[in-house]
Every structure is written in structure tokens, then in C-alpha cells.
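As the structure lists them, so they are numbered: ligands from 1, and atoms in each ligand from 1.
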Amino acid sequence: MRNVTEDTITEAFLRLNGKKTDPRLLFVLERLSHHLHSFARETGLTHTEWRAGLKLLMEAGKITDKHRNEFVLFSDVFGLSSLVDMINSRRGGTPSSVLGPFHILGAPERPNGARIELWQTAANGLYSNQDPEMDEYAFRAALKTDVEGRYAVSTVIPAPYTVPMDGPVGTFLKAVGRHPWRPSHLHFVVEAQGFRTLVTEVFPENDCYLDEDAVFGVREKLIMRYERHDRVEDAPTGFVRSASPTLPFYTVAFDFVLVGEDGDRAGTASVAMAM
Ligand code: BEZ
Ligand code: FE
């Protein structure tokens with residue numbers, strides 16, 4: 001197309017694609033270019049704004065390495081990661097939620113009997129891979145459920161924390177007057193043969209950031225309650241406990257519902273946690 005105009009540029013772009021291009025790729029490109037070009041037209045995007053956007057992406061590229069991915073963090077704070085999660089877990093079961101950048105491979109298996117991996121911050125709001133004072137695998141564990149899918153774990157209550165603010169995502173959040181806080185949460189990956197792997201998080205009902213999570217990870221079905229106990233005798237059984245609970249302690253019961261690989265079988269992993 002020689003005389004490309006504001007109205008024909010999307011078509012001109014699409015015409016360049018080869019006839020043998022994968023149909024799904026063509027479809028996604030068609031929708032992406034349509035929305036991207038409409039966005040520029042509707043906003044009357046200026047050169048300054050366009051350059052500012054590209055600069056943020058360039059800075060994201062500079063700060064990204066094998067330990068840190070600022071593009072994923074942009075996706076998180078824009079709600080895109082959560083939206084993709086929701087679109088891909090429409091078949092029921094426990095809702096999924098963001099994996100986040102603080103998951104690391106190799107969590108030590110703790111003795112107990114479907115594999116459940118858990119990671120969380122310490123009470124200071126930091127993950128072990130953010131705090132040089134902590135052991136590499138502190139507040140991380142891989143558990144096995146018993147044959148009926150039950151398991152138990154005892155840990156400390158994690159704290160709310162902020163997404164990393166020292167890169168372009170921080171620049172962006174400040175520019176739009178957004179706070180960087182996530183509500184306190186425990187991360188889980190639940191795996192069982194024949195079922196889809198569930199990546200999710202659970203959040204306490206009394207957290208002040210539940211309605212304004214910086215990365216949009218909260219779902220109604222992922223909210224749990226800390227039940228307070230003031231007597232050691234009330235400690236639930238079935239724990240491999242490193243120390244007897246300090247008082248008061250709190251218990252949480254949370255069931256994960258997995259969706260079968262074929263999409264219509266569901267299995268439950270019942271969880272009790274003591275903090
Ligand atoms: C997290 O929960 O670990 C997390 C998720 C998204 C962005 C930053 C942190
Ligand atoms: Fe987290």
C-alpha cells in the first residue's frame with residue numbers, strides 16, 4: 001500500500017504478513033495492531049509521550065537479568081498477568097494467582113507425605129532472596145500430602161510488602177500516584193498427577209491492602225481467616241513442628257481444589273496451617 005493513512009495503516013501492516021503464517025499468530029497480531037493503532041489515534045499520542053513509553057521499556061530491558069524481570073513486573077502492575085491467569089482458569093477449582101518474581105526452584109522437601117510448594121516473606125516483609133541475612137531457602141518448603149490429600153504446615157505470619165520500586169516500574173507507579181503494596185499472602189504451587197498444576201496465593205481477610213493489591217492477585221475464593229488460639233493444647237495434630245507454638249498462635253484451614261487435566265475432574269487438597 002503506497003498512500004498509507006491513519007485509517008489504513010493497520011491494514012497495511014497486516015498485508016505484509018506471509019500467507020503461510022500460523023493462523024493463531026495472525027489473529028493475535030491482527031487484534032494487537034488494531035488495538036495499538038486505535039490507542040494511538042484515540043489518545044492523539046504525542047511524540048513526547050511515545051518516547052517516554054519507549055524509554056520505560058528501554059530501562060526495563062536494562063534492569064532485567066536472570067534474577068529480575070521488569071517486563072513481568074510491568075505486566076503485573078498493569079493487571080495483565082492477573083487477567084491472563086483468570087482467562088486460563090475459567091474451568092473452576094481454586095482460582096490461580098500470580099507466581100511473582102520471588103519464587104525459586106529447589107525448595108527443600110519437608111517430611112510429610114500431590115506435592116505442595118509454599119513460599120512467603122518473613123515477618124519483616126522480605127523473601128529469602130531479598131534479604132542477605134536469611135538462608136537461601138528460609139520460609140520455603142515442598143510438602144507431600146497424605147493419600148487423602150491432607151497436609152499441614154506450621155510457619156510465621158507473612159507481612160504485606162511492596163513490589164520492587166527501584167526500577168522503571170517504580171518510576172511509573174510514582175508518576176501515576178499509585179502505591180506499591182501487596183497484601184500479605186502465602187504463595188503455593190500445588191501439583192498432582194492427572195491434574196493441572198495450580199499456582200496461587202492465599203490472603204488473610206483482615207489485610208488492609210486486600211482491595212488494592214498492586215498486582216491484582218486477590219480473588220474472593222483465595223481469602224482465608226486466621227483463627228486465634230491462646231492454649232498450646234489447641235494446636236492441631238499432624239504437624240512436624242520445629243518448636244512448640246508461642247502464644248497466641250493462629251490456625252488457618254484452606255482447601256485447594258484442582259481441576260483434572262481433561263478439565264472436568266476435581267480433586268481437593270485440604271490444608272491446615274498454624275502460624
Ligand atoms: C509476589 O507476590 O511475590 C509478587 C508478585 C508480583 C510482583 C511482585 C511480587
Ligand atoms: Fe509474594
Side-chain angles (χ1 to χ4, degrees), residues 56-57 59-61 63-89 94-107 116-131 134-142 153 155-174 176 178-190 197-219 221-224 226 252 254 256 271 273 275:
L56 273 189
L57 292 179
E59 279 162 10
I63 208 169
T64 294
D65 61 17
K66 70 177 183 343
H67 301 294
R68 172 171 185 169
N69 192 326
E70 199 77 354
F71 293 101
V72 175
L73 192 53
F74 264 123
S75 162
D76 294 342
V77 300
F78 266 81
L80 183 61
S81 311
S82 278
L83 183 57
V84 172
D85 258 351
M86 289 185 267
I87 293 167
N88 287 282
S89 56
T94 298
S96 61
S97 189
V98 290
L99 179 70
F102 301 116
H103 175 253
I104 53 176
L105 295 174
I116 299 187
E117 194 181 334
L118 157 68
W119 70 106
Q120 62 168 92
T121 66
N124 67 1
L126 292 173
Y127 288 94
S128 64
N129 46 349
Q130 291 179 297
D131 185 347
M134 268 192 249
D135 286 347
E136 186 181 6
Y137 286 112
F139 302 103
R140 298 169 190 273
V153 62
T155 182
V156 302
I157 294 181
Y161 64 87
T162 72
V163 299
M165 286 293 282
D166 57 341
V169 167
T171 310
F172 161 74
L173 292 177
K174 282 181 207 148
V176 297
R178 265 178 63 178
H179 76 67
W181 288 92
R182 296 215 63 204
S184 151
H185 55 271
L186 294 123
H187 288 273
F188 292 91
V189 177
V190 187
T197 296
L198 172 69
V199 176
T200 195
E201 314 168 87
V202 296
F203 304 85
E205 63 174 4
N206 58 350
D207 194 286
C208 61
Y209 294 111
L210 272 190
D211 293 314
E212 42 185 275
D213 179 4
V215 303
F216 311 96
V218 180
R219 317 275 177 268
K221 286 185 176 162
L222 298 179
I223 295 177
M224 47 84 161
Y226 287 125
V252 173
F254 195 88
F256 294 100
V271 186
M273 293 180 275
M275 312 270 178

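For His103, the closest heavy-atom approach to ligand 1 does not fall below 4.0 Å.
The distance from the CD atom of Glu117 to the CZ atom of Arg140 is 8.5 Å, given to the nearest 0.5 Å. The distance from atom CG of Leu186 to atom OG1 of Thr121, rounded to the nearest 0.5 Å, is 8.0 Å. A distance of 10.5 Å separates NE2 in His67 from CD1 in Ile104, rounded to the nearest 0.5 Å.
The Tyr161 neighbourhood of ligand 1 comprises atoms 1 (C), 2 (O), 3 (O), 4 (C), 9 (C), with distances under 4.0 Å to a heavy atom of that residue. When each atom of ligand 1 is checked for a heavy atom of Val215 under 4.0 Å away, the hits are 6 (C), 7 (C). Within the listing of ligand 1, atoms 1 (C), 2 (O), 3 (O) sit less than 4.0 angstrom from a heavy atom of His187.
Looking from atom 6 (C) of ligand 1 to the surrounding protein, the closest heavy atom is Asp76 OD2, 3.1 Å. With hydrogens left out, the protein atom closest to atom 5 (C) of ligand 1 is Gly100 CA, 3.3 Å, a heavy atom. Of the protein's non-hydrogen atoms, the one nearest atom 8 (C) of ligand 1 is Pro101 CD, 3.3 Å.
Computed with the Fe ion (ligand 2) at the centre, the Tyr127 OH to His185 NE2 angle is 100°, stated to 10 degrees.
Aromatic ring centres of Tyr209 and His185: separated by at least 6.0 Å. In this structure, Phe102 has its ring center no closer than 6.0 Å to that of Phe139.
Within the coordination shell of the Fe ion (ligand 2), defined by N, O or S atoms under 2.8 Å, Tyr161 is present.
By the criterion of a heavy-atom distance under 4.0 Å, the side chain of Leu73, and not its backbone, is placed next to ligand 1.
Salt bridge Asp76/Arg182: absent, no basic N to carboxylate O contact under 4.0 Å.
Counting only heavy atoms from C-beta outward, the side chains of Met134 and Tyr127 never approach each other to under 4.5 Å.
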